[in-house]
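So the structure is just underneath, and the comments pick up after that.
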Amino acid sequence: TTGTWHLYFQYNPYATVWGNMTWAHSTSKDLIHWTHQPNAIMPDSLGDIFSGSAVIDKKNTAGFGENAVVAIFTYSERKGQMQAIAYSNNGGYTFTKYEGNPVLTADIKDFRDPKVFWNETTNQWNLVLAAGQEVRFYSSPNLKEWTYLSSFGNGYGCHGGVWECPDLIQFENKDVLIVNINPGGINGGSATQYFVGNWDGKRFTIDPSQDKETYWMDYGKDHYATVSFHNAPDNRKVVLAWMSNWQYANDLPTRQYRSQMGMPRELFAYSVPGSKEIYVGQKPVEEMNVLLQPASISVEASTVKLGNTEAQVLIEMDVKNGSTFTLSNDKDELGFFSVNAGRILMDRQKSGIIPTQDFISETWSPKPALGTNIGTWAPVEQLIGKQDTYHVQLWLDICSVEMFVEGGKANMTNLVFPKTPYNKVSGEGISNVKVSNIAL
């Protein structure tokens, strides 16, 4: 539907833990305010409804009608996983399952999460999906009959867990293959890795500027299943991620809901001076700026106190390299941050409610020279370059911190569960602090 964003997401209608997987549905006019719609696709005798994608079939290639919305999703049942399609003739609000399902099967256990896109060069649809610890590409003239093209993954990236939710983002000069992985993330559990290269319509090859190390899209514990919107206006690369981690997703101290999506973000490609490597950054979508309203602050020594602030706050500041700062509240719950040794780190050991040990314990690769601090870290000097100061944005919600460094070249997303909102930011190395309320 023109002017409407559609989000289909994994949902259990009967509990706040994983199960009975269903496609729930929400819509938005601005990417910020969302309206729940009736569930879009329900499980049936072929299995539960796992992740997938949806496209607008402008040319009626599938025969369901011009501009039909066609969803392609994974059926999952005890015998395995297979791909199926459903179509909508009312803009994506209700779907009819194709009577010829499934449309794509395989003989492996993990075979899921199809992402479909149109290839103008070949005048066909392409599909990328996760198959164990690789991704497979297919082509189709009609979204019903699929031909295998190639695979990618052997020898590249992280293989500490199953690959999931792939996506192919096509920039002007480079193509970016997004692959989510669980477990095996750089800071433990779930995470999003990406590869920069070239998609020629049949296979994906790594760009010569990239080596075989793993590139991570976000260095927090709670940024997973990153997937882009099809047909976004102005060719924007808008993505949404699930803000949680399978290490503790079923144990979070929330009621009536269990998870949430991260802030909508726009992808951009960039290079660091002196390096040939190409990186992918994420910045908050421009729609977020409309919500910002100045907040009152007071300064005492090295502490900035937030005045008439809401629970949703944006804190912007310059942080001196080699310094630390903390977010805290009146209950002495705090998030500890350090910019040192070429890395930025967040420690949430005392950030509030700690649901499980995995919430604070991390895996390090390699372990930063930051003493005994336990936390998530991002290699800012590698991603941005060595600087005297770094500009940091902290978008605070009731139970999350989304950090963007130097406009989104380094990012870190972490859940936190303070008993009262953080209302102080302290540190000897911070300056030019600006606080805005996020008026939802």
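- The backbone N or O of L396 lies less than 3.5 Å from no partner atom in the side chain of E402, so there is not a single donor-acceptor pair.
- The pair E287-R236 meets the salt-bridge criterion, since a charged nitrogen lies less than 4.0 angstrom from a carboxylate oxygen.
- Within 6.0 Å of CG in N289 there are more than 12 heavy atoms belonging to other residues, nucleotides or ligands.
- Taking both residues in full, the closest heavy atoms of A130 and P166 are given as N-CG, 3.7 Å, listed atom of the first, atom of the second, then distance.
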Check: How far apart are the C-alpha atoms of D110 and R112, what are their side-chain angles, what is the distance that settles it, and do they pass the salt bridge (Lys or Arg N to Asp or Glu O under 4.0 Å) test?
Finding: CA-CA 6 Å; D110 297 305; R112 57 180 175 266; 2.7 Å; yes
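- Inspection of the S28 and D30 side chains reveals an N or O donor paired with an N or O acceptor under 3.5 Å.
- Side chain of S151 to main chain of R136: no donor-acceptor pair is present (N/O by atom type, distance under 3.5 Å, no hydrogens or angles).
- In summary, the side chains of T413 and R265 do present a donor paired with an acceptor at a separation below 3.5 Å, with no hydrogens or angles considered.
- When only modelled atom types and interatomic distance are considered, E164 and N180 share no side-chain donor-acceptor pair under 3.5 Å.
- Side chains of M217 and L267 form a contact here, defined as non-hydrogen atoms less than 4.5 Å apart.
- Note that CD1 of I186 and OH of Y215 are 12.5 Å apart. Values are rounded to the nearest 0.5 Å.
- Judged by distance alone, the side chains of Q83 and T74 do bring a donor and an acceptor atom under 3.5 Å apart.
- Side-chain atoms of D251 and T356 form no donor-acceptor pair, as typed in the model, at a separation below 3.5 Å.
- Remark: W118 CH2 to E120 CD distance equals 7.0 Å, nearest 0.5 Å.
- In this structure, CD in Q312 is found 13.5 Å from OG in S436, a value given to the nearest 0.5 Å.
- A donor-acceptor contact shorter than 3.5 Å is absent between the side chain of Y219 and the backbone of A410.
- With hydrogens and angles ignored, the 3.5 Å screen pairs a side-chain donor or acceptor of R348 with a backbone N or O of L415.
- Side chain to side chain, T376 and N187 fail the donor-acceptor criterion of an N or O pair below 3.5 Å.
- Residues T226 and A241 come closest through the heavy atom pair OG1-CB, 3.6 Å.
- For the residue pair S76/D48, the side-chain donor-acceptor check at 3.5 Å is not satisfied.
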Next item on the list: Give the C-alpha distance, both sets of side-chain angles, the deciding distance and a yes or no for side-chain hydrogen bond (donor to acceptor under 3.5 Å, both in side chains) between T27 and Q37.
Entry: CA-CA 7 Å; T27 56; Q37 304 291 347; 2.8 Å; yes
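- Side-chain contact between W146 and I72: present, with at least one pair of heavy atoms (C-beta onward) separated by less than 4.5 Å.
- Going from atom OH of Y148 over to atom CZ of F137 covers 10.0 Å, rounded to the nearest 0.5 Å.
- When all heavy atoms are compared, the tightest approach of W199 to N126 is CZ2-OD1, 3.4 Å.
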Next item on the list: With side chain to side chain contact (heavy atoms under 4.5 Å, CB included) as the test, would you mind laying out the steps for N39 and W23 before giving the verdict?
Entry: CA-CA 6 Å; N39 291 336; W23 269 30; over 6 Å; no
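- Side-chain polar atoms of W242 and S259 form a donor-acceptor pair below 3.5 angstrom.
- N432 and D318 are linked by a side-chain donor-acceptor pair at a separation below 3.5 angstrom, with hydrogens and angles left out of the test.
- Side-chain atoms of K237 come within 3.5 Å of backbone N or O of Q170 as a donor-acceptor pair.
- The closest side-chain donor-acceptor pair between E406 and H391, if any, does not fall under 3.5 angstrom.
- For the pair T205/F195, no side-chain contact is recorded, criterion being any heavy-atom separation below 4.5 Å from C-beta on.
- A donor-acceptor pair is defined here as one N or O able to donate and one able to accept, closer than 3.5 Å; such a pair exists between the side chain of D207 and the backbone of S209.
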Next item on the list: With side chain to side chain contact (heavy atoms under 4.5 Å, CB included) as the test, would you mind laying out the steps for T22 and N12 before giving the verdict?
Entry: CA-CA 6 Å; T22 298; N12 184 349; over 6 Å; no
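- With F152 as the aromatic partner, R203 does not meet the cation-pi criteria of under 6.0 angstrom to the ring centre and within 45 degrees of the ring axis.
- The two residues K115 and S228 make their nearest non-hydrogen contact at NZ-OG, 2.9 Å.
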Checklist line | Criterion side chain to side chain contact (heavy atoms under 4.5 Å, CB included) on K221 and Q247, from CA distance to verdict | finding: CA-CA 9 Å; K221 290 275 285 190; Q247 286 184 327; 2.4 Å; yes
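- Tested against F337, the residues T326, D347, L327 include a single side chain to side chain contact (heavy atoms under 4.5 Å, CB included) partner, L327.
- The backbone N or O of Q293 lies less than 3.5 Å from no partner atom in the side chain of N437, so there is not a single donor-acceptor pair.
- Ring centroids of Y93 and H25 are separated by less than 6.0 Å, placing the two rings close together.
- Between the side chains of K409 and Q282, no donor-acceptor pair is found at a separation under 3.5 Å.
- Atom-to-atom distance recorded for I178:CD1 and T192:OG1 is 7.5 Å, nearest 0.5 angstrom.
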Note to self: Run the side chain to side chain contact (heavy atoms under 4.5 Å, CB included) test on K305 and I297 for me, step by step, so that the C-alpha distance in whole Å, both residues' side-chain angles and the decisive distance to 0.1 Å come before the verdict.
What the structure shows: CA-CA 6 Å; K305 295 185 177 181; I297 59 175; over 6 Å; no
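- Judged by distance alone, the side chain of S275 and the main-chain N or O of V272 form no donor-acceptor pair under 3.5 Å.
- Inspection of the Y248 and Q357 side chains reveals no N or O donor paired with an N or O acceptor under 3.5 Å.
- The local environment of CD in Q387 is crowded, with over 12 non-hydrogen atoms from other residues, nucleotides or ligands closer than 6.0 Å.
- Between A86 and I41, the shortest heavy-atom contact is CB-CD1, 4.3 Å.
- Under the 6.0 Å cut-off for aromatic ring centres, W5 and F229 qualify, their centroids lying closer than that.
- Judged purely by atom type and a 3.5 angstrom limit, Y422 uses its side chain to pair as donor or acceptor with the backbone of S351.
- Of all heavy-atom pairs spanning G161 and I181, the tightest one is N-CD1, 3.6 Å.
- In this structure, the separation between CG on L7 and CG on L31 is 10.0 Å, given to the nearest 0.5 Å.
- T4 and K29 share a donor-acceptor pair across their side chains, judged by distance under 3.5 Å alone.
- No side-chain donor-acceptor contact under 3.5 Å links N119 to the backbone of W125.
- Looking at N20 and P13, their side chains come closer than 4.5 Å, going by heavy atoms from C-beta outward.
- The side-chain heavy atoms of I398 and P421, taken from C-beta on, include no pair separated by under 4.5 Å.
- Proximity of L129 to F111: side-chain heavy atoms (C-beta onward) are separated by under 4.5 Å at one or more points.
- The residues K350 and E333 are annotated as not salt-bridged, no charged nitrogen and carboxylate oxygen being separated by less than 4.0 angstrom.
- With contacts defined as side-chain heavy-atom distances shorter than 4.5 Å, the pair L291/H33 qualifies.
- Put simply, the residue from F95, F73, F50 that forms a ring-ring contact (aromatic ring centres under 6.0 Å, His included) with Y8 is F95.
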